[in-house]
Amino acid sequence: MSRIESQAAAVFFADLLLPLRRARMRRGSTYLDWGPRRESYWSPIISRTGGMEQLSATQCSFSAALALLEKYWSEQNERDLLQLISHLDRLYRDLTAVDVQQESAPTLPEFVYPLF
Amino acid sequence: MSTVVGISALYHDSAAAAVIGNEVVAAAQEERFSRRKHDARFPNDALEFCLAHVGGRERVDAVAFYEDPLLAFDRVLRNTIDVAPDGEALWPAIAASQLGEKLPVLERLQKIAPSVFIVDHHVSHMASAFYPSPFRDAAIVVVDGVGEWATTSIADATDVDITPLSQIHYPHSLGLFYGAFTYHCGLKVNSGEYKLMGLAPYGTPRYVNLILDHLIDLRADGSFHLNTDYFGFLAGNRATNAAFETLFDCPRRDPETQLTAVYMDLAASAQAVLNRAMFGIARRALAVTGRQHLCLAGGVALNCVTSGELLRSMTELKGLWIQPAAGDAGGALGAALHVAHRHFGCARHAGIGRIDAQKGSLLGPAYSDEQIERALKEEGLTYHAVADANAHSLRVAQALAEGQIVARFDGSMEFGPRALGNRSILADPRRPDGQSYINLRIKFRESWRPFAPAVLAEHAATYFDLQHDSPYMLLVAYLREQWREPFDKSSFVEGDPDMMKLLNQRRSFIPAVTHIDYSARIQTVDPDTNPSFYRLLQQFFRLTGCPVLVNTSFNVRGEPIVCTPTDAVNCFVNAGIDLLAIGRFLIYRGQQSAAVRGREGSVEYEPD
């Protein structure tokens, strides 16, 4: 990953994700289930598509994919996440438009599975 | 008739599969072609193999991807926000991976076929477990690390309909739970889990209550919840954390150091808790669906100790079928099958009620004798051609009976992590030093790792407490009492770390495949699924009275299982195998030049 790519992502984290986290903390809301013990942990199905989705040729670009994600978040009424859409598009462009040789490979921890 | 290609990629064990109508015609993992173990990159070579098998790209009606990359990103993003500022250092790499590679995968898929389908990760696993099964209806259980959000799913299935019923969501995951113990014991996550399973019988499950009190809440209805205070994977840097180490009063094991009793006990405890959790989920699945058959998939379904335990303990279970490629590779097959059945309207396979449609999982590339001979000549090997198949396998059986180690390369490569006879290293299981000899001298791996027996199906119940066929080596069963021999465990139990004292003691008449607790990961071999491998076992039985062979994958530690004749030759030369039986050819190590024999041990792979 180049320094420019890394900087763009770092700025995204500092300017958008971190304030979002703080705002949500103030509201006492989280996305993951950190909750207390319950009688049952079985939950309804989470699916954006109902299990399967056919995409047309025009729905396979990054912009189209982001539009699908925006539609999903709209349906979920995820206002915080919807604010990120245009910034995600910009971050994608920053990440893919850098025309420089890789300056250093990203340092991945030994255990990276769930987030990568 | 529709042709659908399935793809799994970009997490681990990428793969491609092809389905024509309702028939699975080809499937392979990318690692076999790229020679990079657990290769996660887009499976270009596996895809080319599948495309060639169906007659070219122009014949493909649709391509199916095994996961919804948008929903997976949704989960990663929400996780990142929830744990911030932890994870800040990793975010640039996460963003590059998610935005730079995973979301743009749709554009790559579009180049394969005009019609692109996204199938949810657990639906892909469900389809891989149910559609090829011999059952008209079944409950389905999927358990893995995580896909999009689901880590555990229960579904009801009948004919071509799969109905997901309930899930447990990230971060509460049995795959990540077991992975945390794998990590803590100094083994590699996503590949070392089967080692942890093999290590468990050496230990005592003395931490079970501690785990149940602190790490995981198992409910009576089969659901569960992890206490995330003890895990590090949410911030992406470690599977466990300091609280985990404090709880068990031991640090994470350095992978280069010796395994001591505490790690064996941790392995035994994690395995016991996993068994209990899976039992609850399976029982719940049967109860809510009212079915008597169960299909399993997801990486945790490869834990054959747990699956064997399910069969033994669940009297209400009338049949169990596990997808042989139960991990992410199998998602490629499931995604393709789901689109074939649910979009193109294909009926179930014709073997319903009798046999499965997995074709012995022999779905990978095969090579002609001309291709094989070319590889032998290129390497300058001395070889013999034996045209008669009976004479060929008799000579192999004789070599095995004499105690030689034989590599067998025949027909189509297996799909899934197990070698089932076509890309296998075989040996006489009666050899007293077999386990440690093959581990150390042939496979260059840890001496304590157990080996699996391939047994003639009609003899399996005579030797093992197994009432079901196990053609895919996915069930562990125990040697029957009358075949067991007592051995001295006392010094080891007291803390002596020298496992060789145990391993070189005779535990049965087939010590090389009898684990320390008399268990064995069994492959039953029948004449219909793999006739030539069955014939070899029969000939070995006639020569020796023993219907069992050691069957381990044809590779060395850290190397993917061989795919091509050239891979096979290279591994044969490197690994010190006595005889290579490849196609109709036989290659004896003792007949090779000094230069060839001098290459033994010359290639090392990164330890797995």
Side-chain angles (χ1 to χ4, degrees), chain A residues 1 5-10 12-14 17-18 20-21 24 30-34 37-49 51-57 59-62 64-66 68-69 72-73 80-81 84 88 91-92 95-96 106-116, chain B residues 68 70-71 74 76 78-82 84-85 88 90-97 99-100 103-104 106-107 109-110 114-120 123 145-146 148-150 164 166-172 176 183 189-190 217 219 221 223-225 228 233 236-239 338-339 342-343:
Chain A
M1 185 187 303
E5 288 172 298
S6 182
Q7 281 175 353
F12 184 94
F13 190 96
L17 299 188
L18 209 48
L20 194 52
R21 166 64 176 150
R24 293 180 61 78
T30 59
Y31 291 120
L32 305 184
D33 174 11
W34 308 87
R37 291 186 171 209
R38 298 194 297 268
E39 273 303 300
S40 177
Y41 302 110
W42 290 113
S43 301
I45 307 299
I46 294 180
S47 176
R48 188 184 60 82
T49 64
M52 180 174 75
E53 178 180 48
Q54 184 174 13
L55 299 175
S56 65
Q59 288 177 302
C60 290
S61 68
F62 181 85
L66 213 52
L68 291 172
L69 195 58
Y72 176 64
W73 285 342
D80 290 342
L81 296 176
L84 299 177
L88 284 168
L91 179 58
Y92 166 75
L95 290 173
T96 54
T107 306
L108 300 181
E110 191 176 353
F111 184 79
V112 297
Y113 169 42
L115 298 182
F116 289 83
Chain B
D68 179 353
L70 303 176
L71 196 59
D74 169 83
V76 169
R78 292 181 198 237
N79 182 152
T80 303
I81 293 168
D82 260 15
E88 181 173 12
L90 284 178
W91 170 251
I94 294 170
S97 166
L99 300 180
L103 291 185
L106 300 175
E107 291 178 280
L109 297 171
Q110 195 203 342
S115 194
V116 175
F117 286 83
I118 292 171
V119 181
D120 282 357
V123 173
V146 62
E148 295 95 3
W149 279 94
S166 50
Q167 294 178 335
I168 292 170
H169 298 142
Y170 179 85
H172 308 288
L176 295 174
Y183 173 88
V189 175
N190 287 332
D217 181 24
R219 308 307 300 180
D221 67 354
S223 64
F224 65 89
H225 202 73
T228 52
F233 59 78
N237 52 356
R238 298 180 69 199
H338 198 69
V339 171
R342 299 303 296 270
H343 179 77

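A note on names: the letters A, B, ... follow the listed sequences, proteins ahead of strands, and every chain is numbered from 1.
- When the candidates B:Glu148, B:His172, B:Arg342 are compared by the number of heavy-atom contacts under 4.5 Å with chain A, B:His172 comes out ahead.
- In terms of modelled atom types and a separation under 3.5 Å, the side chain of B:Arg78 and the main chain of A:Leu32 share no donor-acceptor contact.
- Proximity to chain A (any heavy atom under 4.5 Å) is shown, for B:Ser166, by both the backbone and the side chain.
- Counting heavy-atom pairs closer than 4.5 Å to chain B, the top residue among A:Trp42, A:Tyr31, A:Trp34 is A:Trp42.
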Q: Could you give me the CA-CA distance, side-chain angles and deciding distance for B:Asp217 and A:Tyr41, then say whether side-chain hydrogen bond (donor to acceptor under 3.5 Å, both in side chains) is met?
A: CA-CA 10 Å; B:Asp217 181 24; A:Tyr41 302 110; 2.5 Å; yes
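- For B:Asp82, there are no salt bridge (charged side-chain N to carboxylate O under 4.0 Å, His left out) partners, not counting sequence neighbours.
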**Q.** side chain to side chain contact (heavy atoms under 4.5 Å, CB included) between A:Tyr92 and B:Leu103, worked out
**A.** CA-CA 10 Å; A:Tyr92 166 75; B:Leu103 291 185; over 6 Å; no
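- Proximity to chain A involves both the backbone and the side chain of B:His225, based on heavy atoms less than 4.5 angstrom apart.
- Of all heavy-atom pairs between B:Ala84 and A:Leu18, the closest is CB-CD1, 3.7 Å.
- B:Arg219 and A:Arg38 get closest at one heavy-atom pair: NE-O, 3.1 Å.
- The minimum heavy-atom distance between A:Ala65 and B:Leu106, with the atom names listed, is CB-CD1, 4.1 Å.
- For a residue to count as touching a neighbouring chain, one of its non-hydrogen atoms must lie under 4.5 Å from one of that chain's; by this rule A:Leu84 touches chain B with the side chain only.
- Annotation: maximal heavy-atom pairing with chain A below 4.5 Å, among B:Asn79, B:Thr80, B:Val116, occurs at B:Val116.
- For B:Ala150, no part lies under 4.5 angstrom from a heavy atom of chain A.
- Looking at B:Ser97, only its side chain comes within 4.5 Å of chain A, counting heavy atoms on both sides.
- Interface remark: A:Arg48 contributes backbone and side-chain atoms alike to the contact with chain B (heavy atom separation under 4.5 Å).
- If you tally non-hydrogen atom pairs under 4.5 Å between each of A:Leu69, A:Leu66, A:Leu55 and chain B, the highest count goes to A:Leu55.
- Of the residues considered (A:Leu17, A:Ile46, A:Thr30), A:Ile46 shows the highest number of contacts with chain B, using heavy-atom pairs under 4.5 Å.
- Smallest separation of non-hydrogen atoms from A:Gln54 and B:Ser115: NE2-OG, 2.6 Å.
- Summarising the geometry of B:Leu71 relative to A:Ser47, their closest heavy-atom pair is CD2-CA, 3.9 Å, with the distance given to 0.1 Å.
- Of all non-hydrogen atoms in A:Ile45 and B:Pro164, the two that sit nearest each other are CD1-CB, 3.7 Å.
- Of the atoms belonging to B:Asp68, it is side-chain heavy atoms, and not backbone ones, that fall under 4.5 Å from chain A.
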Q | Full working for side-chain hydrogen bond (donor to acceptor under 3.5 Å, both in side chains) between B:Glu107 and A:Ser61 | A | CA-CA 6 Å; B:Glu107 291 178 280; A:Ser61 68; 5.7 Å; no
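- Ring-plane geometry between B:Trp91 and A:Phe13 is classed as tilted, the angle between the planes lying from 30 to 60 degrees on a 0 to 90 degree scale.
- Here A:Thr49 contributes atom OG1 and B:Leu70 contributes atom CG; the two are 9.5 Å apart, rounded to the nearest 0.5 Å.
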Q: Walk me through it: do A:Asp33 and B:Tyr170 pass the test side chain to side chain contact (heavy atoms under 4.5 Å, CB included)?
A: CA-CA 8 Å; A:Asp33 174 11; B:Tyr170 179 85; over 6 Å; no
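- With a 4.5 Å cut-off on side-chain heavy atoms, A:Met52 and B:His338 count as touching.
- The distance from the OG atom of A:Ser56 to the CD atom of B:Gln110 is 8.5 Å, given to the nearest 0.5 Å.
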